[in-house]
Amino acid sequence: MIRQGSKGAEVRALQHALGLTIDGMFGVKTQTAVEQFQRQSGLLVDGEVGSKTWAKLMPVLREKDLKPINPKIFFDNIRPLFGKFTQTQVDCLNILVPCMAGQTTNNTAYILATAYHETAATMRPIEEYGKGKGRRYGQHIKQSGKAYSSSLPIYYGRGYVQLTWYENYERAGKALDLDLIHHPELALKTDVAYAIMEQGMVEGWFTGMKLEDYISLNNADYKGARKIINGTDRAVKIAGHAELFELALRRARA
């Protein structure tokens, strides 16, 4: 239940569905719009948004989530995160964002925030700095602790999500029908890196946790969602990035 004084992802989704200015703060204007929507929908008019009001709003929100993104509004709203854009960042975002056309706004926001963090803001698939030096996965050792052939490559971080460990390369390779064990460099190709990131986060490849465990159409626990990739490492910071990406996406689809 959200009401006047509430704030956060659920309020941003509400404001998006109602066509309001999206700031994530449930104030008087938001309450007035909710009451008007409830009146028009034959609901109890109380200005509070619970399951019955959301049931009526969900189709509207789904439709908004499918709207094309206005590039200028999107880039203007994420500029505080990037500062002055490089052409490479712009080009990479123009490739990456359309790939997520089938994802919800909240999912897209967290995927982008993850890519932003894991690629050091380049927004392109990269190799891990140091290539696993000083890490267990930087040796010919599986996550299980068993050694593997020294004739095989080292499975340090690559791609948008910095895929590591023999087992994860093996799993991703089987899912994508690619030989990532002998050719881990394929994880640096844009289409492969995106498939690993999206499918891995949706299906829970990395830790067993999935996007749906933390994120829905109308709400998001961006801090908790870090467990999809890497426990709680930099969880608060990445959650902040996700909020900014979400605001940009919703405003660009208003």
Side-chain angles (χ1 to χ4, degrees), residues 86 88-89 91-100 102-103 107-108 110-215 222 224-235 237-238 241-242:
T86 67
T88 298
Q89 286 172 326
D91 292 343
C92 289
L93 281 163
N94 281 331
I95 291 170
L96 191 54
V97 174
C99 291
M100 305 183 203
Q103 291 290 345
N107 276 1
T108 300
Y110 197 73
I111 292 171
L112 285 171
T114 297
Y116 176 89
H117 174 73
E118 299 290 349
T119 68
T122 65
M123 304 309 291
R124 61 180 177 82
I126 64 170
E127 290 186 313
E128 177 187 347
Y129 300 143
K131 299 185 178 182
K133 184 177 180 180
R135 306 274 188 171
R136 287 186 67 237
Y137 58 72
Q139 307 169 54
H140 287 90
I141 299 173
K142 295 183 180 182
Q143 196 166 11
S144 65
K146 294 181 179 180
Y148 63 87
S149 174
S150 60
S151 66
L152 291 173
I154 294 292
Y155 303 105
Y156 55 77
R158 296 175 178 88
Y160 286 120
V161 290
Q162 297 300 286
L163 188 69
T164 56
W165 293 109
Y166 179 104
E167 290 91 338
N168 288 330
Y169 277 84
E170 184 178 47
R171 179 174 185 172
K174 286 179 179 178
L176 302 177
D177 196 24
L178 294 170
D179 184 5
L180 292 178
I181 291 298
H182 291 91
H183 298 284
E185 71 279 1
L186 292 174
L188 292 168
K189 293 181 63 178
T190 300
D191 57 339
V192 176
Y194 178 72
I196 290 170
M197 176 169 65
E198 182 187 45
Q199 288 184 233
M201 295 177 76
V202 169
E203 298 174 14
W205 290 1
F206 312 120
T207 66
M209 307 308 294
K210 308 174 184 180
L211 282 168
E212 67 179 17
D213 294 325
Y214 302 96
I215 297 171
Y222 291 135
R226 182 58 177 162
K227 294 175 184 175
I228 298 166
I229 300 292
N230 192 7
T232 58
D233 176 57
R234 306 294 176 88
K237 186 175 183 179
I238 298 167
H241 300 336

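Keep in mind that this is a model prediction, so the values were computed, not measured. We number each residue from 1, following the sequence as shown.
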Thr190 and Pro125 have their tightest heavy-atom pair at CA-CG, 4.0 Å
For the OH atom of Tyr160 and the CD1 atom of Ile196, what is their distance to the nearest 0.5 Å? 11.0 Å
Under the side-chain hydrogen bond (donor to acceptor under 3.5 Å, both in side chains) test, residues paired with Ser151 that sit two or more places apart: Ser149
With salt bridge (Lys or Arg N to Asp or Glu O under 4.0 Å) as the rule and sequence neighbours excluded, what pairs involving residues 119-143 come up? Glu127-Lys131
State which residues pass side chain to side chain contact (heavy atoms under 4.5 Å, CB included) with Ala147; sequence neighbours excluded, sorted by chain then number. none
Once side chain to side chain donor-acceptor pair (under 3.5 Å) is applied, what residue pairs with a partner in residues 164-178 remain, sequence neighbours excluded? Arg158-Tyr169
Does any N or O in the side chain of Thr86 come within less than 3.5 Å of the main-chain N or O of Gln89, such that one atom is a donor and the other an acceptor? yes
Taking all non-hydrogen atoms of both residues, which atom of Ala120 and which atom of Tyr129 are closest, and how far apart? CB-OH, 3.8 Å
One should read off an interatomic distance between Leu152 CG and Ile154 CD1, to the nearest 0.5 angstrom, of 9.0 Å
Pairing residues for Asp91 by the side-chain hydrogen bond (donor to acceptor under 3.5 Å, both in side chains) criterion, not counting sequence neighbours: Gln87
Step by step, would you call Thr122 with Thr88 a side chain to side chain contact (heavy atoms under 4.5 Å, CB included)? CA-CA 8 Å; Thr122 65; Thr88 298; over 6 Å; no
Any chance you could measure Leu186, atom CG, to Leu176, atom CG, to the nearest 0.5 Å? 10.0 Å
I'd like to check Gln103 versus Val202 (side-chain heavy atoms, cut-off strictly below 4.5 Å). Are they in contact? yes
Who passes salt bridge (Lys or Arg N to Asp or Glu O under 4.0 Å) against Asp233, sequence neighbours left out? Arg226
d(Thr108 OG1, Glu198 CD) to nearest 0.5 Å is 8.5 Å
Any chance you could measure Tyr156, atom OH, to Leu163, atom CG, to the nearest 0.5 Å? 12.0 Å
Contacts of type side chain to side chain contact (heavy atoms under 4.5 Å, CB included), residue Ala113, not counting sequence neighbours: Ile238, His241, Ala242, Phe245
Less than 4.5 Å apart, side chain to side chain, heavy atoms only: is that true for Leu112 and Met100? yes
Search all heavy atoms of Ala225 against all heavy atoms of Ile215 and return the closest pair with its distance. CB-CD1, 4.2 Å
Not counting sequence neighbours, which residues clear ring pair (Phe, Tyr, Trp, His ring centres under 6.0 Å) with His117? List them please. none
Least distance between heavy atoms, Leu93 atom then Pro98 atom: O-CD, 3.9 Å
If the condition is side chain to side chain contact (heavy atoms under 4.5 Å, CB included), which residues does Asp179 pass it with, not counting sequence neighbours? Ile181, His182, His183
Can you run down the side chain to side chain donor-acceptor pair (under 3.5 Å) pairs that involve residues 201-215, sequence neighbours left out, and say none if there aren't any? Glu203-Trp205
Apply side chain to side chain contact (heavy atoms under 4.5 Å, CB included) to the pair Leu96 and Met197, showing each step before the final yes or no. CA-CA 11 Å; Leu96 191 54; Met197 176 169 65; 4.0 Å; yes
What one should report as the nearest heavy-atom pair of Leu180 and Tyr155 is O-CE2, 3.9 Å
Closest non-hydrogen contact found for Ile126 with Glu118 is CD1-O, 3.9 Å
